[in-house]
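Any value given below was found using the heavy atoms of this structure, including those in side chains, with hydrogens, waters and symmetry copies removed. Each residue takes its place number in the sequence, starting with 1.
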Amino acid sequence: MDAIFLITVLIVIFALAFDFINGFHDTANAIATSVSTKALKPRHAIILAAVMNFVGAMTFTGVAKTITKDIVDPFTLENGSIVILSALIAAIFWNLLTWYYGIPSSSSHALIGSIAGAAIAAAGVSSLNYSGFIKIIQALIFSPLIAFAAGFIVYSIFKVVFRNNNLTKTNRNFRTFQIFTAALQSYTHGTNDAQKAMGIITMALIANGYVTTTDIPFWVQFSCALAMGLGTSVGGWKIIKTVGGKIMKIRPVNGVAADLTGAMVIFTATALHMPVSTTHVISSSILGVGSAHRVKGVKWGTAQRMIITWIITLPISATVAGITYLILSSFL
């Protein structure tokens, strides 16, 4: 069997595995609030998230094209196949490690950091597309800050609008509305997160001469959407517990405010073709809502642990990918 074809097949398999793991790793992002408030039973919430993730992934490809061309140039990437395979292995390793410990880390940070680290190991820092890479990093940094501020504002508005409403009746109505917001957030998650593996596969196809444009082939889009949906159906209970209860005690009105904020920020990024961390965005929106509700009610110890993980993900995944590239390149 042709070596290039074999490596390409391995990349497709690992990319789909990454999307599958991303699905159960990030399931919590979309459904944790609705599960914690008992708006949805866990099984129903996971099925809803899986379906909407798939639908979202089949809707857009702009983020995938950004991943394909804005970190490194796939048309000139030295040892491109090994770089991409190394990046996927490193990102999968970090995702599984953080999932095992129940830490809601960023799959996006892991993947982007891994691509950069493997490319630098292969061809030095000059291999990076600086303008595109910096643009992506800016989106990853600013999106959680925007989500925090937006969550604070949205919940502050809710407090004013519903201040005279009966608490029991309001909670019941918001709990019902959470079914819609959970579906919306799952959909936006699919529009952004599933596209990252699409971009990786397309990058490999370009690097190995199988396609000549950055357009995403339909079979790539469909298979990644399916892998994400199937991964979501598995569920990530450890992370659901962290996002749904260890940041703050979430009531239905808090959950709706956080879900709407997260969906708004993620979908805006998707419309701008920018990859963002859904984990960061949704967790930050919960923190913003919690701060508007009652600052002392936020479990800042958990938040601090999450933020530290966010910060270290890029450099660690880049380092692991660089080491993986050096090992693989000596054998392949």
Compare all side-chain heavy atoms of Thr68 with those of Ile200 and state whether any distance is below 4.5 angstrom.
no
Any side-chain to backbone donor/acceptor pair from Asp2 onto Ile4? Under 3.5 Å, distance only.
yes
Looking at side-chain heavy atoms only, is the closest gap between Asp193 and Asn53 below 4.5 Å?
no
Could you check whether any side-chain heavy atom of Trp219 comes within less than 4.5 Å of a side-chain heavy atom of Val12, counting everything from C-beta outward?
yes
What pairs with Lys69 under salt bridge (charged side-chain N to carboxylate O under 4.0 Å, His left out), at least two apart in sequence or on another chain?
none
Rounded to the nearest 0.5 Å, how far does CZ of Phe5 lie from OG of Ser81?
12.5 Å
Evaluation steps, side-chain contact (heavy atoms from CB on, under 4.5 Å), between Leu88 and Ile11
CA-CA 8 Å; Leu88 285 168; Ile11 289 171; 3.9 Å; yes
Verify same cluster id: Leu111, Leu96 (apolar side-chain graph, 4.5 Å)
yes
Smallest heavy-atom separation, Thr232 atom then Ala50 atom, equals CG2-N, 3.5 Å
In Å and rounded to the nearest 0.5 Å, what is the CD1 to OG1 distance from Ile266 to Thr191?
7.5 Å
Pairs in or reaching into residues 44-98: which pass ring-ring contact (aromatic ring centres under 6.0 Å, His included), with residues at least two apart or in two chains?
Phe54-Phe222, Phe60-Phe267
Between Leu287 and Met264, is there shared hydrophobic-cluster membership here, with clusters defined by ILVMFWY side-chain heavy atoms closer than 4.5 Å?
no
Smallest separation among heavy atoms of Gly151 and Val289, with atom names:
O-CG2, 3.5 Å
Give me the atom names and distance for the closest heavy-atom approach of Ala227 to Leu16.
CB-O, 3.6 Å
Show me the pairs that pass salt bridge (charged side-chain N to carboxylate O under 4.0 Å, His left out) and involve residues 140-162, at least two apart or across chains.
none
Can you tell me how far apart CG (Leu260) and CZ (Phe158) are? Round to the nearest 0.5 Å.
5.5 Å
Could you work out, with salt bridge (charged side-chain N to carboxylate O under 4.0 Å, His left out) as the rule, every residue matching Asp70, not counting sequence neighbours?
Lys135
Could you pull out the closest heavy-atom pair between Ile286 and Ala258, with the gap in Å?
CG1-CB, 3.8 Å
Any donor-acceptor pair under 3.5 Å linking the side chain of Ser283 with the backbone of His280?
no
Examine Val125 and Ile137 and state if one hydrophobic cluster contains both, with Ile, Leu, Val, Met, Phe, Trp and Tyr joined whenever side-chain heavy atoms are less than 4.5 Å apart.
yes
Does any pair with a residue in residues 111-129 pass side chain to side chain donor-acceptor pair (under 3.5 Å), and if so which ones, sequence neighbours excluded?
Asn129-Ser131
Sub-3.5 Å donor-acceptor pair from the side chain of Gln221 to the main-chain atoms of Met198, do we have one?
no
Considering only distance and modelled atom types, tabulate donor-acceptor pairs under 3.5 Å from the side chains of residues 315-323, sequence neighbours left out.
residue, atom, partner, partner atom, Å
Ser317, OG, Ala110, O, 3.4
Ser317, OG, Thr313, O, 2.7
Ser317, OG, Leu314, O, 3.1
Thr319, OG1, Pro315, O, 2.8

For side-chain contact (heavy atoms from CB on, under 4.5 Å), just list the numbers for Val281 and Ser277, CA-CA rounded to whole Å, side-chain angles, deciding distance to a tenth of an Å, and then say yes or no.
CA-CA 6 Å; Val281 168; Ser277 167; 5.8 Å; no
Sort and list the pairs that fulfil salt bridge (charged side-chain N to carboxylate O under 4.0 Å, His left out) and have at least one residue in residues 261-270, not counting sequence neighbours.
none
Side-chain heavy-atom pair Ile282, His189 within 4.5 angstrom cut-off
no
I'd like to know if the side chain of Gln195 and the backbone of Val63 have a donor-acceptor N/O pair within less than 3.5 Å.
yes
Is any side-chain heavy atom of Val256 closer than 4.5 Å to a side-chain heavy atom of Pro252?
no
Heavy-atom closest contact (Thr202 atom, Pro217 atom, distance)
OG1-CD, 3.8 Å
Contacts of Ser284 meeting side-chain contact (heavy atoms from CB on, under 4.5 Å) (sequence neighbours excluded), chain-then-number -> Pro144, Ala147, Phe148, Trp310
Residue pairs involving residues 176-192 (criterion salt bridge (charged side-chain N to carboxylate O under 4.0 Å, His left out); sequence neighbours excluded)
none
So side chain to side chain donor-acceptor pair (under 3.5 Å) across residues 323-332, not counting sequence neighbours, yields Asn79-Tyr325
Check: Ser34 and Thr181 side chains under 4.5 Å, non-hydrogen atoms
no
Ile179: partners by side-chain contact (heavy atoms from CB on, under 4.5 Å), with sequence neighbours left out
Leu40
Is there side-chain contact between Ile136 and Thr66, with at least one heavy-atom pair below 4.5 Å?
yes
Rounded to the nearest 0.5 Å, how far apart are OG of Ser186 and CE of Met228?
11.0 Å
Working to the nearest 0.5 angstrom, can you tell me the gap between Ile84 CD1 and Leu205 CG?
8.5 Å
Check the hydrophobic clustering (I, L, V, M, F, W, Y; side-chain heavy atoms under 4.5 Å; chains of links allowed) and say if Val161 and Phe174 are grouped together.
yes
Would you call the rings of His293 and Tyr155 parallel, tilted or perpendicular, where under 30° means parallel and over 60° means perpendicular?
perpendicular
In the structure I gave you, are the side-chain heavy atoms of Thr278 and Ser108 within less than 4.5 Å of one another anywhere?
no
Can you confirm whether or not the ring centre of Tyr130 sits under 6.0 Å from the ring centre of Phe133?
no
Working to the nearest 0.5 Å, report the span between CD of Gln138 and OG of Ser143.
11.5 Å
Are Tyr187 and Leu48 in one and the same hydrophobic cluster, where Ile, Leu, Val, Met, Phe, Trp and Tyr link if side-chain heavy atoms are under 4.5 Å apart?
yes
Sequence neighbours excluded - salt bridge (charged side-chain N to carboxylate O under 4.0 Å, His left out) pairs with any residue from residues 198-216
Lys65-Asp215
Residues Ser285 and Thr261: closest non-hydrogen pair is CB-CG2, 3.7 Å
